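What follows is a short report on a single structure.
These numbers come from a predicted model, not from an experiment.
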Amino acid sequence: MKMRTILLTFLVLLTFLSSSVLAQGYEFRVLANKGENQVKKAGTSQAETLKTGATLAKGDQIIAANGAYIGLVHSSGKTTEIRTPGTVKIDDLSAKIAATSSTTASRYTNYIAAKMNESDGGGNYRSNMKATGAVERALTSAINVMLPNSVDFYGDNAIVRWKAIGEDNTTYIVTVKNIFDEEVAKIETDQTAYELDFTNPKLAQERLVILNVKVKGDEDMKSSDYGIKRLSNTESAKVNENIKGLKSEVNEETPLNKIIYASFFEENNLVLDALTKYEEAIEMSPEVQDFQDMYQSFLVKNGLVATAN
């Protein structure tokens, strides 16, 4: 009889613990948030400010403001965005997400969430940049390009950015050479970014290129040389195998999904590929400060920009 009582007590306790674990679960996490958006938690009548990093459970409601952008990731790893003002029920949003899980995508959305947990708890990346474990390198050139001195690259198009020098009307000369010191590309631009296109016939056959930037008319105002090495066929095949699952689960053509791809490349030490995806996400939604903050945190963590002491 005593054993039966113990078993019944154990079953009741197990049921209670299981209910508690389920209650702690969530449907969505907020990865990016722009606008005066609010959330009304289940069982409450008062709305509160929606914050980046917040979790949303069944019964919650999002109240999106005019001009809102809300990037959400489902517990399965799939992403969705809210751009239209109005009230959105989490239950309705969950119903639109396919039942199949996204195990690979979930890995990288968890990677982003982990970086949020390293921040100040409110999704504020900027306040924690000195605590990200950044490996700072000497930035002593007149023009500081946001690249390691040498970097491997997987993709076809790379966005290279540098810190502006002087007035807005400064003209820069970007030169790209091959290992034989032959010039394969050269442009003049008043922008502080340049897109390398490795599908261009002049670059397509180059395994390693050397890039530098200088101010037109001032030979002393220049960057160091930066080596960009394309992955070998064997190395690319390994990346293709790793990225296959992500490609099957995530359509890249949203800013939030580009952030997920950036996280994939960052985790796989492909810094230039990650940087390019951050740049593309920001270009698609320049008004979303959270993307800017994620990018800046990435730059600091990887020692690509100088940090304040």
Side-chain angles (χ1 to χ4, degrees), residues 26-35 37 39 50-56 62 64-86 88-90 92-116 123 125 154-159 161 193 195 239-240 242-268 270 272-299:
Y26 65 89
E27 291 293 298
F28 291 93
R29 182 185 288 273
V30 182
L31 290 188
N33 178 39
K34 175 220 168 222
N37 306 307
V39 58
L50 183 68
K51 295 182 178 180
T52 302
T55 57
L56 303 170
I62 292 174
N66 288 324
Y69 175 88
I70 305 170
L72 302 172
V73 58
H74 189 251
S75 56
S76 68
K78 295 190 174 180
T79 60
T80 188
E81 300 172 326
I82 298 174
R83 294 178 179 268
T84 305
V88 179
K89 295 180 179 179
I90 293 301
D92 293 341
L93 209 54
S94 294
K96 294 179 181 178
I97 299 289
T100 55
S101 64
S102 298
T103 53
T104 305
S106 181
R107 175 181 174 183
Y108 295 105
T109 52
N110 288 338
Y111 183 79
I112 298 170
K115 289 193 287 186
M116 287 181 175
Y125 299 88
Y154 165 76
D156 287 328
N157 296 79
I159 296 174
R161 183 173 293 280
E195 184 171 1
V239 177
N240 287 337
N242 291 335
I243 206 173
K244 187 188 300 180
L246 188 59
K247 285 183 175 179
S248 69
E249 296 170 3
V250 177
N251 175 2
E252 188 185 338
E253 294 308 314
T254 70
L256 189 57
N257 286 345
K258 286 186 181 292
I259 295 293
I260 292 175
Y261 274 84
S263 296
F264 167 85
F265 287 123
E266 183 180 0
E267 191 183 65
N268 285 275
L270 292 165
L272 181 53
D273 294 275
L275 184 151
T276 299
K277 293 304 175 188
Y278 278 115
E279 288 270 357
E280 290 173 354
I282 291 169
E283 184 178 359
M284 293 178 76
S285 292
E287 77 283 1
V288 180
Q289 185 61 44
D290 283 328
F291 293 155
Q292 304 272 359
D293 293 346
M294 289 181 195
Y295 182 35
Q296 190 65 21
S297 179
F298 160 80
L299 293 174

Give the minimum heavy-atom separation between Ala158 and Thr276, together with the two atoms involved.
CA-OG1, 3.6 Å
Could you pull out all residues at least two apart from Ala68 that satisfy side chain to side chain contact (heavy atoms under 4.5 Å, CB included)?
Asn37, Ala64
So do the side chains of Lys78 and Val73 get within less than 4.5 Å of each other, counting heavy atoms only?
no
Looking only at heavy atoms, which two atoms of Gly53 and Arg29 are closest? And how far apart?
O-NH1, 3.0 Å
State which residues pass salt bridge (charged side-chain N to carboxylate O under 4.0 Å, His left out) with Glu81; sequence neighbours excluded, sorted by chain then number.
Arg83
Can you tell me how far apart CG (Asp290) and CD1 (Ile282) are? Round to the nearest 0.5 Å.
11.0 Å
Using a 6.0 Å cut-off, check whether atom CD of Glu283 has over 12 heavy atoms from anything other than its own residue.
no
Counting C-beta onward and ignoring hydrogens, is there a side-chain heavy-atom pair between Leu72 and Leu56 closer than 4.5 Å?
yes
Do Glu279 and Lys258 meet the salt-bridge criterion of a basic N to acidic O distance under 4.0 Å?
no
Going from OG on Ser94 to NE2 on His74, what distance comes out if it is rounded to the nearest 0.5 angstrom?
4.0 Å
Of all heavy-atom pairs linking Gln292 and Pro286, the shortest is NE2-O, 3.4 Å
Please work out which of the three classes, parallel, tilted or perpendicular, describes the rings of Tyr154 and Phe265, given edges at 30° and 60°.
tilted
Give, for atom CD of Glu280 and atom CG of Asn257, the distance between the pair rounded to the nearest 0.5 Å.
12.5 Å
Side-chain contact, heavy-atom cut-off 4.5 Å: Phe28 with Ile62?
no
Give, for atom CD of Glu195 and atom CG of Asn157, the distance between the pair rounded to the nearest 0.5 Å.
4.5 Å
Answer with yes or no after comparing the ring centroid distance for Tyr278 and Phe298 against a 6.0 Å cut-off, counting only values under it.
yes
Do you know which two heavy atoms are closest between Ser285 and Pro255, and how far apart they sit?
OG-CG, 3.4 Å
Evaluate side-chain hydrogen bond (donor to acceptor under 3.5 Å, both in side chains) for Asn33 paired with Thr52, printing each intermediate quantity in order.
CA-CA 6 Å; Asn33 178 39; Thr52 302; 4.5 Å; no
Leu275 versus Leu299: any side-chain heavy-atom pair under 4.5 Å?
yes
Got Leu256 and Leu31 here, is their nearest side-chain heavy-atom distance under 4.5 Å?
yes
Check the pair Met294, Ile259 against side-chain contact (heavy atoms from CB on, under 4.5 Å), reporting the backbone distance first and the verdict last.
CA-CA 9 Å; Met294 289 181 195; Ile259 295 293; 3.7 Å; yes
Side chains of Val239 and Leu270: does their closest heavy-atom pair fall under 4.5 Å?
yes
Under the salt bridge (charged side-chain N to carboxylate O under 4.0 Å, His left out) test, residues paired with Lys244 that sit two or more places apart
Glu241
Flag, side chain of Asn268 to backbone of Phe264, donor-acceptor distance under 3.5 Å
yes
Non-hydrogen side-chain atoms of Leu246 and Tyr261 separated by less than 4.5 Å
yes
Below 4.5 Å, heavy atoms only, C-beta onward: do Thr80 and Lys96 meet side chain to side chain?
no
Any chance you could lay out the side-chain hydrogen bond (donor to acceptor under 3.5 Å, both in side chains) test for Asp293 and Gln289, step after step, and finish with the verdict?
CA-CA 6 Å; Asp293 293 346; Gln289 185 61 44; 2.8 Å; yes
